[in-house]
Amino acid sequence: MKKWIIVTGMVAGALGSSFAQQRGLVNTSTSPYAGRTTVDMGSVQWTSGFWAERFAVCRDSMVPHLWATYNDADLCHSFKNFEIAAGMDTGSFKGPSFHDGDFYKTLESVAAMYAATKDKKLDAMMDRTIAVIAKAQRPDGYVYTKSIIEQKQTGKRNMFDDKLSFEAYNFGHLMTAACVHYRSTGKTSLLNVAKKATDFLEGFYNKATPEQARNAICPSHYMGIIEMYRTTGEKRYLALAKKLIDIRGQTEGTDDNSDRAPFRDMQRIAGHAVRANYLLAGVADVYAETGDTALLHTLNHLWEDVITRKMYITGGCGALYDGVSVDGTSYNPDTVQRVHQSYGRDYQLPNLTAYNETCANIGNVLWNRRMLQLTGDVKYADVVELTLYNSVLSGVSLNGNDFFYTNPLAASADFPYHMRWEGGRKPYIALSNCCPPNTVRTIAEVSSYMYSLNKDGLYIDMYGGNKLSTVLPDGSPLQLEQTTDYPWNGAVTLTIQKAPEKQTGIYLRIPGWCRNATVTVNGKAVAVQSGSYAALNRKWKAGDKVELVMDMPATLVEANPLVEEARNQVTVKRGPVVYCLESADLAGQKVTDIAIPASIQLQPVAATIDNARLMALQGEARILPVADWNKSLYREVNPRTQPVTIKLIPYYAWANRGTTDMAVWLPLIR
């Protein structure tokens with residue numbers, strides 16, 4: 001192997017003054033049709049409580065573990081592919097075709113961590129890596145290691161010639177990582193690579209046939225291109241993103257790829273949930289820049305379809321491993337359209353076989369966060385919070401080293417067949433490791449979801465112990481500290497540390513799940529309403545205190561009776577956290593033997609799993625009569641039950657104590 005020493009470190013300004021200086025994660029600060037923008041990356045510092053604890057695990061375990069994995073050629077080969085493409089080593093491409101994108105997400109997680117910590121070691125790691133990526137890129141901007149390595153070996157120059165091509169997907173994650181790196185470090189080294197890649201895509205799509213243009217599944221590049229437009233100000237990039245939406249449906253497509261019909265004509269969500277949610281997030285970005293009301297109409301229509309008929313109680317998306325397309329049923333068996341990793345039909349939400357790929361759940365966060373920035377409607381913040389606390393955090397172990405690909409709502413050792421991605425956390429998912437770097441970058445960036453800004457002032461979208469130092473759109477500085485043990489406790493205190501000189505609004509989100517909340521400013525009560533933002537407009541001064549108390553009882557939740565697999569069952573939810581029953585807490589009883597009385601009183605109890613602090617719920621349930629189900633499918637109901645004390649744990653914390661049975665939904669005894 002050859003050894004290379006490469007010097008890098010181009011800083012902001014090298015490309016001129018056209019590069020925007022705002023540093024928000026999704027930077028809608030100048031987007032004409034977005035009502036809100038995020039605070040700058042690094043302006044929120046975790047202090048204590050839930051997210052501070054998760055962030056510490058991300059900093060000390062997730063990011064180092066992930067970085068080591070992606071730089072281990074024997075285990076992963078992802079970075080090695082870049083070295084081979086750059087001519088720094090010899091060999092063949094190894095891994096899935098989306099491996100480049102996995103590495104870009106890993107790089108983005110390091111950049112986001114650097115924004116918060118300013119750790120010089122992270123900066124140096126990125127510099128060395130970016131130099132290799134730049135060397136691997138072709139002079140025309142094309143950068144896809146699989147093809148570049150094969151082209152060197154065969155002389156062929158095929159591009160976008162496969163309906164399962166992940167070239168554009170990889171490009172998209174490069175663009176997003178580049179913008180995050182630039183906003184975190186001020187350096188344009190990776191942004192230069194991404195700019196050349198975006199220029200290449202623009203030239204390619206100006207000449208591509210609709211069929212070639214179709215060969216770009218999982219459209220992360222919609223979000224990436226718009227973020228490049230916001231960062232560089234290149235209007236060509238906005239035109240490219242609009243074109244990519246307009247050409248959808250111009251050639252025969254599939255529900256699996258969400259391109260059977262033009263986007264504006266889509267009537268329902270169907271098919272691969274990651275691709276669909278990435279598409280929706282990208283279209284929301286395009287609407288923020290264009291104000292195309294036809295796009296917003298479809299976004300609203302599809303949001304209603306997902307939230308009211310196809311989303312799990314955990315915020316999970318994509319019920320099916322495999323299935324038949326909603327609209328693609330054919331009486332000719334040879335032409336039946338299949339779907340995989342996909343949304344099902346209305347109310348088709350199985351538990352034991354639920355897919356809920358972690359990447360799809362993250363896509364749900366990306367989409368709803370953008371919808372919040374467009375509209376300011378609290379309902380989108382509710383979905384972001386629900387999904388983060390449940391079906392995103394469930395994707396990584398409490399110690400930060402092991403990951404889930406799928407996130408089912410039940411698990412049983414008695415299940416009669418094996419699923420491709422069944423329970424059991426793994427440090428590296430060899431067949432498809434896309435979810436771990438996606439999860440890690442999301443947790444590294446959660447601070448960017450806490451607050452948003454507009455001309456009216458500051459919005460508190462989520463709660464967690466942190467210090468905020470930001471500048472309002474009019475240039476006024478604002479600093480405050482948020483103290484809370486949320487989500488284990490509904491009390492939040494905001495202390496103003498540096499106030500704007502003029503009257504400013506501070507808006508507190510009152511979640512839709514909260515039935516009773518009180519707000520006081522320096523001890524004086526303010527009227528609030530659930531499912532809205534409590535508006536506090538005044539001339540603030542240092543030392544002012546805002547206290548929010550949200551009532552947070554454990555509640556039983558039932559599903560629409562059309563959700564067949566949850567009928568006559570309930571789950572438990574406390575605040576934004578969904579709970580489950582795990583066999584590790586049953587002392588030999590089976591999860592399937594437990595039923596919940598409608599009158600159950602569940603009390604919060606402090607607990608730890610794998611040294612992670614959490615809040616469990618304890619109460620008296622009932623054990624159903626045990627019977628031998630061997631060689632029987634049905635039996636008469638035995639009404640006798642026995643009392644048993646149960647402990648429920650947060651869903652995100654299951655499967656951290658070995659292989660266990662688990663259930664989110666439990667039979668209800670009325």
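Quantities reported herein were computed from a predicted structural model and do not represent experimental measurements.
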Decide side chain to side chain contact (heavy atoms under 4.5 Å, CB included) for Val591 and Ser412; before the verdict, give the C-alpha distance in whole Å, the side-chain angles of both, and the deciding distance to 0.1 Å.
CA-CA 8 Å; Val591 168; Ser412 173; over 6 Å; no
Is Pro650 close to Met615 at the side-chain level, that is, under 4.5 Å between some pair of heavy atoms?
no
With no hydrogens and no angle check, do the side chains of Ser452 and Asp461 hold a donor and an acceptor under 3.5 Å apart?
yes
Gap between atom OH of Tyr70 and atom SG of Cys76 - 0.5 Å precision:
5.0 Å
Between Tyr451 and Gln482, does the side chain to side chain donor-acceptor pair (under 3.5 Å) criterion hold? Intermediate values first, please.
CA-CA 11 Å; Tyr451 301 95; Gln482 187 180 151; 2.8 Å; yes
Any side-chain heavy-atom pair of Thr518 and Leu548 under 4.5 Å
no
Please round to the nearest 0.5 Å and tell me the distance separating atom CZ of Arg635 and atom CG of Leu633.
12.0 Å
Residue set satisfying salt bridge (Lys or Arg N to Asp or Glu O under 4.0 Å) with Asp305, at least two apart, ordered chain then number -> Arg309, Lys310
Can you tell me if Asp544 and Asn522 form a side-chain donor-acceptor pair at under 3.5 Å?
yes
Taking all atoms of both residues into account, what is the closest heavy-atom pair of Ser532 and Val378, and its distance?
N-CG1, 3.7 Å
Walk me through whether Leu508 and Leu536 qualify under side chain to side chain contact (heavy atoms under 4.5 Å, CB included).
CA-CA 8 Å; Leu508 307 177; Leu536 310 175; 4.1 Å; yes
Is a donor on one side and an acceptor on the other found under 3.5 Å between the side chain of Ser397 and the backbone of Asp402?
yes
Look at atom CG of Asn638 and say whether more than 12 heavy atoms of other residues, nucleotides or ligands are closer to it than 6.0 Å.
yes
Does Glu620 CD have over 12 foreign heavy atoms under 6.0 Å away?
yes
Lys/Arg-Asp/Glu bridge criterion (N-O < 4.0 Å) met for Asp485, Arg613:
yes
Would Leu279 and Trp367 count as a side chain to side chain contact (heavy atoms under 4.5 Å, CB included) here? Give the steps.
CA-CA 9 Å; Leu279 167 66; Trp367 175 29; over 6 Å; no
Could you tell me which non-hydrogen atom of Gln45 sits nearest to which non-hydrogen atom of Ala116, and how far apart they are?
NE2-O, 3.1 Å
Has Lys379 got its NZ or CZ under 6.0 Å from the middle of the six-membered ring of Trp303, at an angle within 45 degrees of the ring axis?
yes
Regarding Ser394 and Asn407, is there a side-chain donor-to-acceptor distance under 3.5 Å anywhere?
yes
Rounded distance [0.5 Å steps], CE in Met41 versus CD in Glu445
5.0 Å
Within a strict 4.5 Å, meaning less than it, do heavy atoms of the Leu556 and Ile600 side chains meet?
yes
Of Leu468, Thr38, Asn466, which meets side chain to side chain contact (heavy atoms under 4.5 Å, CB included) against Ser43?
Leu468
Angle class for the His340/His272 ring planes (parallel below 30°, perpendicular above 60°, tilted otherwise)?
perpendicular
Do the side chains of Asn356 and Leu409 get nearer than 4.5 Å, heavy atoms only?
yes
How far does CE of Met462 sit from OH of Tyr449, to the nearest 0.5 angstrom?
9.0 Å
Measuring only between side-chain heavy atoms, which start at C-beta, is Val365 closer than 4.5 Å to Val384?
yes
Distance from Ile609 atom CD1 to Asn399 atom CG, nearest 0.5 Å?
12.0 Å
Would you call Trp513 and Glu385 a side-chain contact if the rule is heavy atoms closer than 4.5 Å?
yes
Verify whether one side chain among Tyr312 and Asn364 offers a donor that lies under 3.5 Å from an acceptor in the other.
no
Scan side-chain atoms only and decide if Ser61 and Asn401 contain a donor-acceptor pair under the 3.5 Å cut-off.
yes
No-hydrogen, no-angle side-chain donor-acceptor test under 3.5 Å, Lys573 and Thr555
no
Is a side-chain donor or acceptor of Arg54 paired with a backbone partner of Leu398 at a separation under 3.5 angstrom?
yes
Does Tyr579 have Arg574 sitting over its ring (NZ/CZ under 6.0 Å from centre, angle to axis within 45°)?
no
Flag the pair Thr520 / Val526 as yes when at least one side-chain heavy-atom distance between them is below 4.5 Å, and no otherwise.
no
Any salt bridge linking Asp119 with Arg59? Criterion: basic side-chain nitrogen under 4.0 Å from a carboxylate oxygen.
no
Does the pair Arg670/Glu558 count as a salt bridge with the N-to-O cut at 4.0 Å?
yes
Centroid-to-centroid, Trp51 to Tyr389, below 6.0 Å?
yes
Looking at Ala52 and Thr47, what are the two nearest heavy atoms and their distance?
CB-C, 3.9 Å
Quick check on Asp72: does its CG atom have over 12 non-hydrogen neighbours (other residues, nucleotides or ligands) under 6.0 Å away?
yes
Taking the six-membered ring for Trp, are Tyr355 and Tyr321 parallel (under 30°), tilted (30 to 60°) or perpendicular (over 60°)?
perpendicular
Ring centres under 6.0 angstrom apart (Tyr533, Tyr459):
yes
Provide the closest heavy-atom pair for Cys580 versus Met662 in the form atom of the first, atom of the second, distance.
SG-CG, 3.7 Å
Which atom of Trp654 lies closest to which atom of Arg425, heavy atoms considered:
O-NH2, 2.8 Å
Working to the nearest 0.5 angstrom, can you tell me the gap between Leu624 CG and Gln589 CD?
10.0 Å
Glu582/Lys647 ion pair, N-O < 4.0 Å:
no
With a 3.5 Å distance limit and no angle check, can you tell me whether Asn361 reaches the backbone of Ser391 through a side-chain donor-acceptor pair?
yes
Between Asp593 and Lys590, is the closest basic N to carboxylate O distance under 4.0 Å?
no
Working for side chain to side chain contact (heavy atoms under 4.5 Å, CB included), residues Met550 and Tyr463:
CA-CA 11 Å; Met550 293 169 280; Tyr463 298 104; 4.0 Å; yes
Do Leu386 and Val578 make a side-chain contact, defined as non-hydrogen atoms from C-beta onward lying under 4.5 Å apart?
yes
Please answer whether the main-chain N or O of Ala595 pairs with a side-chain N or O of Arg622 as donor and acceptor at a distance below 3.5 Å.
no
Please check if atom CZ in Arg567 has more than 12 non-hydrogen atoms from other residues, nucleotides or ligands closer than 6.0 Å.
no
Answer with yes or no after comparing the ring centroid distance for Phe50 and Tyr652 against a 6.0 Å cut-off, counting only values under it.
yes
Closest heavy-atom pair, Ala413 versus Asp661, reported as atoms and distance to 0.1 Å, is N-OD1, 2.9 Å
Does the pair Asp322/Arg420 count as a salt bridge with the N-to-O cut at 4.0 Å?
yes
Ring centre gap for Phe415 and Tyr417 strictly below 6.0 Å:
yes
Going by an N to O cut-off under 4.0 Å, is there a salt bridge joining Asp610 and Arg657?
no
